[in-house]
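See below for the structure under consideration.
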2 protein chains.
Amino acid sequence: MNSTILDIAKLAGVSTATVSRVLNNYPFVKEQTRNKVLEAIEALNYYPDLVARSMVKGRTYNIGLIVGTLGNPFFAETSEVIIKTAEMYKCHVTLCVSEENETKLSEYVDLLCNKRVDGLIIGSIFKGVTIPRLKSSNIPYVLYNRKNVFEDADYVIQDNFQAAYEAVNHLVRLGHRKIAILHGPQVFDSVAERLEGYYKALQDAKLKTYDHFHQEVHFEKVDADLESSMNRMMEDKNRPTAIFATADFLALAAIEYLMNKGYRIPEDVAIVGFDNLRLSGHSMIGLTTVGQRAEDMARLAVERLMQKIEQTVTGNSSEEDSWKIRLKPELIIRRSCGAHLKDMIFNP
Amino acid sequence: MNSTILDIAKLAGVSTATVSRVLNNYPFVKEQTRNKVLEAIEALNYYPDLVARSMVKGRTYNIGLIVGTLGNPFFAETSEVIIKTAEMYKCHVTLCVSEENETKLSEYVDLLCNKRVDGLIIGSIFKGVTIPRLKSSNIPYVLYNRKNVFEDADYVIQDNFQAAYEAVNHLVRLGHRKIAILHGPQVFDSVAERLEGYYKALQDAKLKTYDHFHQEVHFEKVDADLESSMNRMMEDKNRPTAIFATADFLALAAIEYLMNKGYRIPEDVAIVGFDNLRLSGHSMIGLTTVGQRAEDMARLAVERLMQKIEQTVTGNSSEEDSWKIRLKPELIIRRSCGAHLKDMIFNP
DNA sequence: AGATAAGTTGTAAACGATTTCAAACTATAG
DNA sequence: CTATAGTTTGAAATCGTTTACAACTTATCT
């Protein structure tokens, strides 16, 4: 169907080697032959078969990207940045959604390796999990957003601990003494670190916490889980006056729950989230939150991956350089924490 | 580095043909040899090279997906559904973001074809544009969300005209006489159709429209554009009492603008959007909007594409079946249109 | 002119699988 | 015991490129 390099060669009256040379802009091709070949290419409407090229070159110019779900705006946004950045290196990306499922993740890695992707970027990984193929094959890969598969993996993440600490501390400084936390699954090290930040902030402020003050929500059944979590948290006589949610979408859901129950935000309950989703900044919402440097994370991950791929291909993987980056996020103060109520601020 | 089928063959003491046979579960391989081969595979930690396989099979089990931007939740969500659906057909997807740029779109199609993807799903296409490679190569492809590249392309879209008609008509029935429209670029046929629906609804209700009642916002510079568009619309003495936005994110931005200017929603200005983004349903927002059947669209697009690929591969492209699907969206009534204000409804 | 270098091309071997074809082996029936 | 059909295997071609190597031309220098 498609014409091949051989067709071109025949039509132009040269060898396939020569065609390949003009295709790849080698020097030392006589202008005259180059033109003959170019004409043949034009005439036969030829396009190179990148699959064949990949096979002999040993590079596909494809990288694999595994994220939890594109329903999470963080992943959607970073995926786009990754795609665009990869493009600067002439790479395409094959996108997989793991649904945060360990088995699927492992299968994707296998499949992508079999497809001979040049490298892997993984945004969806779990605390203690090791992925066999990632160890056995020596494909370059970079983690982002989460770390902790095994010791020596390169990654770029947020400083989750610090960010959570500051977020909670902000609530403390606004006078809150009863601060609860609504968090995602602890198998994500990011969540675990945010929890630690929360506890440290409480401890430094000498505040007590209670069992019903920290509630875990499972991502698979957010709606049901959230309802019961919030019930446990708010139906106790000893109610929190502020809630730190480890993700904006949890914060938004909490707000929804609270408003439906007749609580005012932030007067009755102050809320701080984490992520800074686009909608969180909307004036009808005004969620105080931790702004992730999502774009930086995505871009850095790709740049590092490309560097590793380059090393692999040139065999210069000499240096034992590990690469672990921890970005400093920023607290974005809006309405939901009550900081705009002047009389409250700095008046503990 | 990686072991090949030849290594397996040697170790197992058979030919590569036999190895291939057990790899592909052919019948007629003696149990004993099968086991020898399996052992060798195990021993050498062998994984098939899918690139090589693609070359001889003439199928990559890869499809290309081109969307405008993952920043648009509609594309993020549909991309995920497409990825998951494709997976059921054992296909991976290479995702490209065109940024709604015609040239890029064309280049992506070229590149993806060169990569020998089995098919293409395109969500980002323009009204009059033709993409040369789509015509010249006979790669199967399906459009979704927008149509209208050239006459005979398969597509699945919303019934944008009807949906817009109903949305505007809803405002009419709520008693509004001055209904404006805030819309995206008309190069998208979806937008153009929504405009037509708007005009038809006004016409049927014998309502007048004014120049400053319809404002176009360009996606590249939404913020600046929106500000000036809304200024033109609202600073006229003859102000609309209701606005139909052809996209939720425009509606949300409009709400933000209006609230900052001190208007109350929906008492001063009623708003209806289009998309039903997740956040539009949030109780702090309550945007009345048109619910797209995004998931259906995505799933159907993949299913059709796979069908076409199957036809291509078996050569059964006999029937002249064109496939054009128009899904019926649904109006989702929430607070922003004012329908909950009982005294207004059905009392024009 | 002859040596040397530089430019230009073609032959053939990869890359790692699948697949056609024929050959060899085994079992069954007459 | 032989014909026949059904199993089981391997040799070699194939997919569409790139590339190492050798060979042949042409230009340059002494």
Side-chain angles (χ1 to χ4, degrees), chain A residues 1-38 40-41 44-62 90 111 113-118 137 312-313, chain B residues 1-38 40-41 44-62 90 111 113-118 137 312-313:
Chain A
M1 187 86 261
N2 289 310
S3 51
T4 77
I5 210 177
L6 188 63
D7 301 323
I8 308 294
K10 277 183 196 152
L11 183 61
V14 298
S15 74
T16 62
T18 301
V19 177
S20 176
R21 282 190 265 262
V22 351
L23 244 24
N24 293 280
N25 282 315
Y26 275 51
F28 305 144
V29 181
K30 212 161 41 179
E31 200 54 27
Q32 186 185 340
T33 31
R34 175 186 306 281
N35 288 334
K36 274 193 302 182
V37 171
L38 256 18
I41 286 177
L44 295 184
N45 202 251
Y46 168 83
Y47 292 96
D49 184 326
L50 266 28
V51 174
R53 186 175 289 175
S54 288
M55 186 159 72
V56 29
K57 291 265 216 180
R59 269 196 74 173
T60 54
Y61 286 89
N62 247 64
K90 306 208 166 308
L111 220 63
C113 286
N114 292 350
K115 288 216 170 195
R116 298 294 184 263
V117 291
D118 294 340
S137 90
T312 307
V313 93
Chain B
M1 185 86 263
N2 288 311
S3 51
T4 78
I5 209 176
L6 188 63
D7 302 324
I8 307 295
K10 276 184 195 150
L11 182 59
V14 298
S15 75
T16 62
T18 300
V19 177
S20 176
R21 282 191 265 262
V22 350
L23 244 25
N24 293 281
N25 281 315
Y26 274 51
F28 303 144
V29 180
K30 213 165 37 181
E31 201 53 28
Q32 187 186 342
T33 29
R34 175 186 306 279
N35 287 335
K36 274 193 303 183
V37 171
L38 255 21
I41 287 177
L44 294 184
N45 203 251
Y46 167 81
Y47 292 97
D49 183 325
L50 267 25
V51 174
R53 185 176 290 176
S54 288
M55 186 159 71
V56 29
K57 293 264 219 181
R59 271 196 74 173
T60 55
Y61 287 88
N62 247 62
K90 306 209 165 309
L111 221 64
C113 285
N114 292 351
K115 288 217 170 194
R116 298 292 185 263
V117 290
D118 294 339
S137 91
T312 307
V313 92

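Every heavy atom of this structure was used, including side-chain atoms; hydrogens, water molecules and symmetry mates were not. To find a chain, count down the sequence lines: A is the first, B the second, and so on, and within it residues start at 1.
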Pairing residues for [X] by the side-chain contact (heavy atoms from CB on, under 4.5 Å) criterion, not counting sequence neighbours:
X      : value
B:L44  : B:S3, B:D7, B:I8, B:L11
B:Q32  : B:K30
B:L111 : A:H92
A:L6   : A:T4, A:K10, A:T16

When you match A:T16 and B:T16 each to their closest nucleotide on DNA chain D, which lands nearer the 5' end?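 Its nearest nucleotide being more 5', the pick is B:T16.
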Residue closer to the 5' end of DNA chain D, B:V56 versus A:K57 (nearest nucleotide):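 Per heavy-atom nearest nucleotide, the more 5' residue is B:V56.
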So what does B:V14 hit on the nucleic acid, given a heavy-atom distance under 4.0 Å: a base, only sugar-phosphate, or nothing?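 Contact class for B:V14: sugar-phosphate only.
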Would you mind classifying the nucleic acid contact of A:T18 as base, sugar-phosphate or nothing, using non-hydrogen atoms under 4.0 angstrom?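 Sugar-phosphate: the residue A:T18, judged by heavy atoms under 4.0 Å, touches backbone atoms but no base.
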What is the distance, to the nearest angstrom, from the CZ atom on A:R21 to the P atom on D:dT17?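 Result: 16 Å.
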Range on DNA chain C touched by chain A - first to last nucleotide, heavy-atom distance under 4.0 Å: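 Footprint of chain A along DNA chain C, 5' to 3': C:dG7 to C:dG16.
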Output all residues satisfying side chain to side chain donor-acceptor pair (under 3.5 Å) with [X], sequence neighbours left out; order by chain, then residue number.
X      : answer
B:K115 : A:N62
B:T60  : B:D118
B:N35  : none

To the nearest 0.5 Å, what is the distance between NZ on B:K36 and OG1 on B:T18?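 The NZ atom of B:K36 sits 9.0 Å away from the OG1 atom of B:T18.
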What's the separation between atom CG in A:N2 and atom OG in B:S137, rounded to the nearest 0.5 Å?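 Reported to 0.5 Å precision, the distance equals 7.5 Å.
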Between the first and last five pairs of the helix from C:dA1-D:dT30 to C:dG30-D:dC1, the angle of the axes, rounded to 10 degrees: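 For the helix from C:dA1-D:dT30 to C:dG30-D:dC1, the axes at either end differ by 50°.
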Is the number of heavy atoms from other residues, nucleotides or ligands within 6.0 Å of OH (A:Y47) greater than 12?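 It does: A:Y47 OH has more than 12 such atoms within range.
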Within residues 25-35 of chain B, residues whose heavy atoms come under 4.0 Å of DNA chain D: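 Here the set is B:F28, B:V29, B:K30, B:T33.
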Among residues 2-13 of chain A, which contact DNA chain D at a heavy-atom distance under 4.0 Å?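 Close to the strand are A:T4, A:I5.
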Among residues at least two apart in sequence or on other chains, which ones pass salt bridge (Lys or Arg N to Asp or Glu O under 4.0 Å) with A:R116?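 Per chain and number, A:R116 pairs via salt bridge (Lys or Arg N to Asp or Glu O under 4.0 Å) with B:D49.
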Please tell me if A:Y46 has a side-chain N or O lying less than 4.0 Å from either OP1 or OP2 of D:dT17.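 Result: yes.
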Do B:L23 and B:I5 have side chains that approach each other closer than 4.5 Å (heavy atoms only, starting at C-beta)?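 Contact flag for B:L23/B:I5 side chains = yes.
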Compare all side-chain heavy atoms of B:V22 with those of B:T33 and state whether any distance is below 4.5 angstrom.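 Answer no - side chains too far apart.
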